[in-house]
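In what follows, every chain begins at residue 1, and chains take the letters A, B, ... in the order their sequences are listed.
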Amino acid sequence: MLLEIREEDERMPEWPEMETYRAMLTKYVAGKSIRSVEIAREKSVNVDAEQFKRELEGRTIWFIERRGKYILFHLDNGKRLLLHLMLGGLLYYGSDEQDRPDRTVQVTLTFEQGHLYFIGLRLGFLHYLSVKEVEARLAELGPDPFDKRLTLENFKARLQGKRSALKNALVDQHVLSGIGNCYADEIAFTAGIRPDRKLTTLDEAELERLYHAIHKVLRDAADKGGYMELPFTRDDELTGGYNSQCLVYDRGGEPCVQCGTAIVKTEMSSRKVFYCPNCQKES
DNA sequence: AGATGTACCCGGACGC
DNA sequence: TGCGTCCGGGTACATC
């Protein structure tokens with residue numbers, strides 16, 4: 001195995017990373033049929049390993065859908081595979097036995113042309129579910145940030161009356177789906193608002209900046225392939241292109257790219273928070 | 001309603 | 001180098 005592994009923190013896949021994976025999976029496994037299944041860690045799946053294999057082998061994946069940070073594989077029997085990578089989960093598609101990452105693989109789906117590896121599934125999982133079960137599971141997910149129906153007016157209405165802090169609202173999957181700890185901070189920085197501001201204190205101009213910052217940050221990051229530490233395939237040069245592009249996240253003490261002030265690292269609701277005390281408005 | 005706490009999980013980082 | 005310890009994230013759920 002010849003993959004170069006960069007020395008970086010474990011990544012927490014969010015909207016841009018999962019969107020990149022959705023596109024990659026569509027390119028490599030949509031329309032393909034599953035030849036064999038290997039389960040190295042039974043806890044990663046929700047049914048008995050033998051049953052999981054029986055159900056999956058021979059199935060064709062019709063298409064790949066992303067909802068928030070979840071990926072749904074639509075199978076030809078009407079069932080779904082629901083994937084969540086949680087902390088540190090990764091996907092890799094290798095063309096042959098030598099082309100596999102030097103990591104602990106929990107589940108492998110083998111296709112005629114290659115192998116899809118599910119790596120680093122600790123809290124993450126790959127569940128075989130009926131449509132009904134999936135819908136019940138994801139019923140409370142908020143809208144996708146790019147949902148056409150989420151106009152500026154609807155966005156403002158969704159936040160209306162909420163008394164939580166900006167950071168907590170951004171990472172709340174009931175409010176919007178797909179934003180996690182890193183991009184919440186990047187969005188707050190881009191909007192010029194401190195993460196601990198109560199939503200009730202945001203004025204019209206700030207809400208509008210926030211709305212546009214959400215789209216700008218997520219779109220930019222996804223266009224650059226997100227910040228995953230490993231490429232999806234051996235010659236994939238997109239995935240992970242956003243590595244080290246974060247402006248405030250994990251940059252505590254470093255100078256702000258806009259003004260040079262030291263980035264502040266703090267904590268809210270047991271989450272790391274990073275912001276520029278000069279560029280981001282306190283009130 | 002929102003905040004807080006806890007369980008889940010284990011690779012990797014760190015300490016001796 | 002080896003072995004033990006501990007951390008950290010998103011989600012779900014209980015509780016205040």
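Remark: C1' of dG12(B) and CD1 of Ile119(A) are 16 Å apart, rounded to the nearest angstrom. Here dG12(B) presents its C1' atom at 11 Å from CG of Leu87(A), a figure rounded to the nearest Å. Rounded to an integer number of Å, the gap from CD of Gln160(A) to P of dA1(B) is 16 Å. Leu121(A) places its CG atom 16 Å from the P atom of dG10(C), with the value rounded to the nearest Å. If you measure from atom CG of Asp185(A) to atom P of dG9(C), you get 11 Å, rounded to the nearest angstrom. For the pair Leu230(A) CG and dG11(B) P, the interatomic distance rounds to 15 Å; values are reported in whole Å. Atom CZ of Arg158(A) is separated from atom P of dG2(B) by 12 Å (rounded to the nearest Å). Atom CG in Asn168(A) sits about 10 Å away from atom P in dG2(B), given to the nearest Å.
In this pair, His74(A) and Phe63(A) present their aromatic rings parallel. The plane angle is below 30°, not in the 30 to 60° band.
You'll find that the side chain of Lys198(A) is closest to dA3(B), out of dG10(C), dG9(C), dA3(B). Of the candidates dA1(B), dG10(C), dT4(B), the closest approach to any side-chain atom of Arg163(A) belongs to dA1(B). In this structure, of dC10(B), dG8(C), dT11(C), it is dT11(C) that holds the atom nearest to the side chain of Met86(A). For Arg271(A), taking side-chain heavy atoms from C-beta onward, the closest of the listed nucleotides dG2(B), dT11(C), dG9(C) is dT11(C). Taking the side chain of Asn181(A) as heavy atoms from C-beta on, and the options dG10(C), dG11(B), dT11(C), the nearest nucleotide is dG10(C). Nearest nucleotide to the Ser269(A) side chain, out of dG10(C), dA3(B), dT4(B): dT4(B). The side chain of Met12(A) lies closest to dG10(C) when the candidates are dG10(C), dT11(C), dG2(B). Side-chain atoms of Arg41(A) lie closest to dC10(B) of the nucleotides dG2(B), dG10(C), dC10(B). Taking the side chain of Ser164(A) as heavy atoms from C-beta on, and the options dA3(B), dG9(C), dG11(B), the nearest nucleotide is dA3(B). For Lys162(A), whose side chain is taken as the heavy atoms from C-beta onward, the closest listed nucleotide among dT11(C), dT4(B), dG2(B) is dG2(B).
Residue Glu267(A) places its CD atom among more than 12 non-hydrogen atoms of other residues, nucleotides or ligands, all under 6.0 Å distant.
Contact between the side-chain N/O atoms of Gln173(A) and the OP1/OP2 oxygens of dT11(C) is found at a separation under 4.0 Å. Regarding contacts with the backbone of dT11(C), a side-chain N or O of His84(A) is found under 4.0 angstrom from either OP1 or OP2. Between Lys272(A) and dG9(C) there is a side-chain N or O to OP1 or OP2 distance below 4.0 Å. Contact annotation: Lys43(A) side-chain N/O to dC8(B) OP1/OP2 distance is not under 4.0 Å.
Residues Asp220(A) and Tyr242(A) have side chains that never bring a donor and an acceptor to within less than 3.5 angstrom of each other.
At a threshold of 4.0 angstrom between heavy atoms, the contacts of Phe125(A) with the nucleic acid are absent. Contacts of Ala169(A) with the nucleic acid, taken as non-hydrogen atoms under 4.0 Å apart, are absent.
Paired with Tyr28(A) under the rule ring-ring contact (aromatic ring centres under 6.0 Å, His included), one option of Tyr93(A), Tyr21(A), Tyr117(A), Phe111(A) passes, and it is Tyr93(A). When Leu170(A), Leu176(A), Val175(A), Asn168(A) are each tested for a side-chain contact (heavy atoms from CB on, under 4.5 Å) with Asp172(A), only one passes: Val175(A).
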Between Glu135(A) and Lys132(A), is the salt bridge (Lys or Arg N to Asp or Glu O under 4.0 Å) condition met? List the steps.
CA-CA 5 Å; Glu135(A) 295 311 327; Lys132(A) 215 170 179 178; over 6 Å; no
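A residue-by-residue look at Gly120(A) and Met268(A) shows that Met268(A) has its nearest nucleotide of DNA chain B further toward the 5' end.
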